[in-house]
2 protein chains.
Amino acid sequence: MSVKTTATIASFGGKLLKLTHNSSTVGCEMAFNLYLPPQATTNKSHKVPLLIWLSGLTCTGDNCSEKGFFQHGASEKGIAVLYPDTSPRGLKIQGEDESYDFGSGAGFYIDATADPWSRNYKMYSYITQELPKVVFGEFSQIDSSKVSISGHSMGGHGALSLYLKNPGMYKSCSAFAPTANPLKCPWGEKAFKGYFGESDWQTKGAEYDSTELIKKWKGKDLDLLIDVGTGDNFYKQGQLLPENFAAAAKVAGLESGLTIRMQPDYDHSYFTMASFADDHIQHAAKHLLA
Amino acid sequence: MSVKTTATIASFGGKLLKLTHNSSTVGCEMAFNLYLPPQATTNKSHKVPLLIWLSGLTCTGDNCSEKGFFQHGASEKGIAVLYPDTSPRGLKIQGEDESYDFGSGAGFYIDATADPWSRNYKMYSYITQELPKVVFGEFSQIDSSKVSISGHSMGGHGALSLYLKNPGMYKSCSAFAPTANPLKCPWGEKAFKGYFGESDWQTKGAEYDSTELIKKWKGKDLDLLIDVGTGDNFYKQGQLLPENFAAAAKVAGLESGLTIRMQPDYDHSYFTMASFADDHIQHAAKHLLA
């Protein structure tokens with residue numbers, strides 16, 4: 001459980017920490033970044049809430065901490081931001097590094113059940129259990145009772161999925177360009193077939209598919225914010241399918257808890273996240289600081 | 001002079017354009033980025049001022065447009081931002097790509113006089129003459145009479161140097177971690193010896209050295225903003241020397257026109273620029289929108 005600090009970087013009045021630890025859940029050393037806002041670095045007895053940010057395919061915890069502009073709003077509101085990696089790394093599993101959309105950099109925030117992935121590709125348990133425990137154990141200035149979640153693309157799927165599977169675990173959830181119905185898109189089909197096996201992928205996948213999960217939501221006060229750019233090529237290619245998610249929410253009578261903003265001309269890149277990061281921080285702050 | 005658009009990216013309500021043109025000054029195709037704030041994209045008859053951003057060693061126009069977050073403040077204030085490259089590229093000059101601090105990515109915003117660099121390494125003329133002409137010719141919504149300049153490290157040297165050499169050309173100037181006295185630091189000595197020759201480097205270099213130039217400043221209303229991080233390793237290694245610049249300003253009776261902020265713990269990275277970008281936009285806006 002011991003955490004090593006590899007860098008401490010001043011950012012918007014607070015500190016961005018680059019950290020590593022040995023994860024028993026995924027069986028390798030994992031890197032992650034943690035932004036502590038000035039409210040948590042100047043007065044260590046002041047507790048701050050936490051926003052977990054899940055990144056998309058090919059990313060690590062670095063991309064969003066460099067290009068997402070979340071520290072700007074997090075510093076103002078006094079919110080810590082946790083940027084985990086997107087998969088285990090360096091396991092020498094055959095095929096691990098062959099695709100941009102499967103294996104390393106593409107953990108999909110599920111617990112794999114098919115060989116050879118089932119031992120290590122357990123990013124669902126890692127993000128919901130082990131990593132928060134490590135972070136709360138190491139950083140007493142973070143309030144473990146106030147956690148929200150957000151993410152982008154594959155990480156948007158992760159944020160929605162983890163939130164909908166665990167009512168009460170997160171105070172709020174938002175997403176950029178989420179893969180909102182992975183059972184019905186090429187990325188999700190490939191990942192679920194690989195991680196769950198050819199025979200089980202649809203039933204196991206349904207346990208993590210936000211469009212399926214929202215139909216069974218039993219939590220309270222749904223208030224999801226989703227931004228999708230109309231210039232996003234992956235949206236145009238049908239990898240995101242926010243319409244399916246919206247339709248499922250409507251059938252479930254939950255449309256009042258869902259705000260999907262179609263942002264004109266915005267693409268799938270971090271330029272989009274930077275442009276609306278303040279809004280997503282504000283969305284989280286509304287619930288975390290209530 | 002024709003400009004090609006290679007990408008148009010939505011950013012903070014405006015557009016980040018990735019552009020190329022064939023430069024006669026430096027004799028090759030040059031890439032640059034231009035941010036047009038929403039005020040210039042929604043109403044093309046509305047003129048907006050321009051901030052030129054000069055990047056540091058190893059950078060292109062991309063780094064700051066992705067990680068510097070100048071678009072955040074530029075969008076709010078209605079200022080276009082021009083991100084040029086830092087040198088000519090691909091000229092096949094012997095030694096061009098051998099060093100991170102000389103040749104490609106390290107043009108130092110001077111006009112070289114020594115062979116084999118004197119034909120192409122004319123970034124001073126490129127930035128002060130050709131590139132603005134190209135930009136104003138192509139984008140009529142930019143007000144050519146309202147231009148400010150800023151930059152980082154080698155680009156901070158460039159910003160100060162171009163401003164001090166050309167009273168009245170720029171409405172304001174600011175810098176992050178500028179190489180403020182290149183004649184007295186290893187980066188500057190290497191660059192000036194290479195670009196001006198072993199026998200001339202000190203006299204030619206003095207024509208571009210901000211600490212020399214401020215002693216002879218004849219302009220009006222000096223109001224320079226400089227941020228330097230106390231955790232900046234290049235500052236600690238004596239590559240920046242803001243103290244020399246401050247001392248020269250004092251001798252010239254100009255200390256009231258110079259604000260140097262030593263930012264505790266901040267390093268040489270874009271995390272520092274992102275953290276204070278809004279302040280530098282505000283500094284430019286004060287002069288550009290006056």
Side-chain angles (χ1 to χ4, degrees), chain A residues 5-18 33-38 41-42 59 62-76 81 83 176-177 227-233 235 261-279 281, chain B residues 5-18 33-38 41-42 59 62-76 81 83 176-177 227-233 235 261-279 281:
Chain A
T5 305
T6 60
T8 301
I9 302 166
S11 172
F12 288 104
K15 301 289 181 198
L16 181 70
L17 307 178
K18 300 207 165 201
N33 296 332
L34 178 67
Y35 179 66
L36 294 175
T41 53
T42 54
C59 292
D62 288 347
N63 304 68
C64 195
S65 54
E66 292 175 3
K67 300 197 283 189
F69 201 50
F70 279 76
Q71 281 107 255
H72 176 262
S75 167
E76 187 188 314
V81 186
Y83 302 97
F176 287 87
D227 278 320
V228 181
T230 64
D232 184 326
N233 284 329
Y235 169 62
R261 306 189 305 186
M262 298 306 298
Q263 301 288 5
D265 298 337
Y266 281 84
D267 66 16
H268 201 70
S269 77
Y270 282 91
F271 286 109
T272 302
M273 284 169 266
S275 299
F276 302 105
D278 279 356
D279 291 354
I281 289 284
Chain B
T5 305
T6 60
T8 300
I9 301 165
S11 173
F12 288 103
K15 300 289 182 198
L16 181 70
L17 307 177
K18 300 208 165 201
N33 296 332
L34 178 67
Y35 179 66
L36 294 175
T41 54
T42 53
C59 291
D62 288 348
N63 305 67
C64 194
S65 52
E66 292 175 3
K67 302 195 284 189
F69 299 114
F70 282 76
Q71 282 106 259
H72 176 261
S75 168
E76 188 188 314
V81 186
Y83 302 97
F176 287 86
D227 277 319
V228 182
T230 64
D232 183 326
N233 284 328
Y235 169 63
R261 307 189 302 187
M262 298 306 297
Q263 301 288 6
D265 300 336
Y266 282 84
D267 66 16
H268 201 69
S269 76
Y270 282 90
F271 287 109
T272 301
M273 284 169 266
S275 299
F276 302 105
D278 279 357
D279 291 355
I281 288 284

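When reading the values below, keep in mind they use all heavy atoms of this one structure, side chains included, and skip hydrogens, waters and symmetry mates. So that the names make sense, note that chain A is the first sequence line, chain B the second, and so on, each numbered from 1.
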Practice problem: To the nearest 0.5 Å, tell me how far A/Gln71 CD sits from B/Ser275 OG. | Solution: 8.0 Å
Quiz item: Measuring heavy-atom distances to chain A, does B/Asp267 have an atom under 4.5 Å in its side chain, in its backbone, in both, or in neither?
Solution: side chain
Exercise. Determine the sole option in B/Tyr270, B/Phe70, B/Phe271, B/Phe12 for which the ring pair (Phe, Tyr, Trp, His ring centres under 6.0 Å) test with A/Phe69 is passed.
Key: B/Phe12
Practice problem: With sequence neighbours left out, write down each residue that passes salt bridge (charged side-chain N to carboxylate O under 4.0 Å, His left out) with B/Asp232, or none if nothing qualifies. | Solution: none
Exercise. Applying ring pair (Phe, Tyr, Trp, His ring centres under 6.0 Å), name anything that partners A/Tyr35, two or more places apart in sequence or on another chain.
Key: none
Practice problem: Might you point out which heavy atoms bring B/Lys67 and A/Lys67 nearest each other, and give the distance in Å? | Solution: CG-CG, 3.8 Å
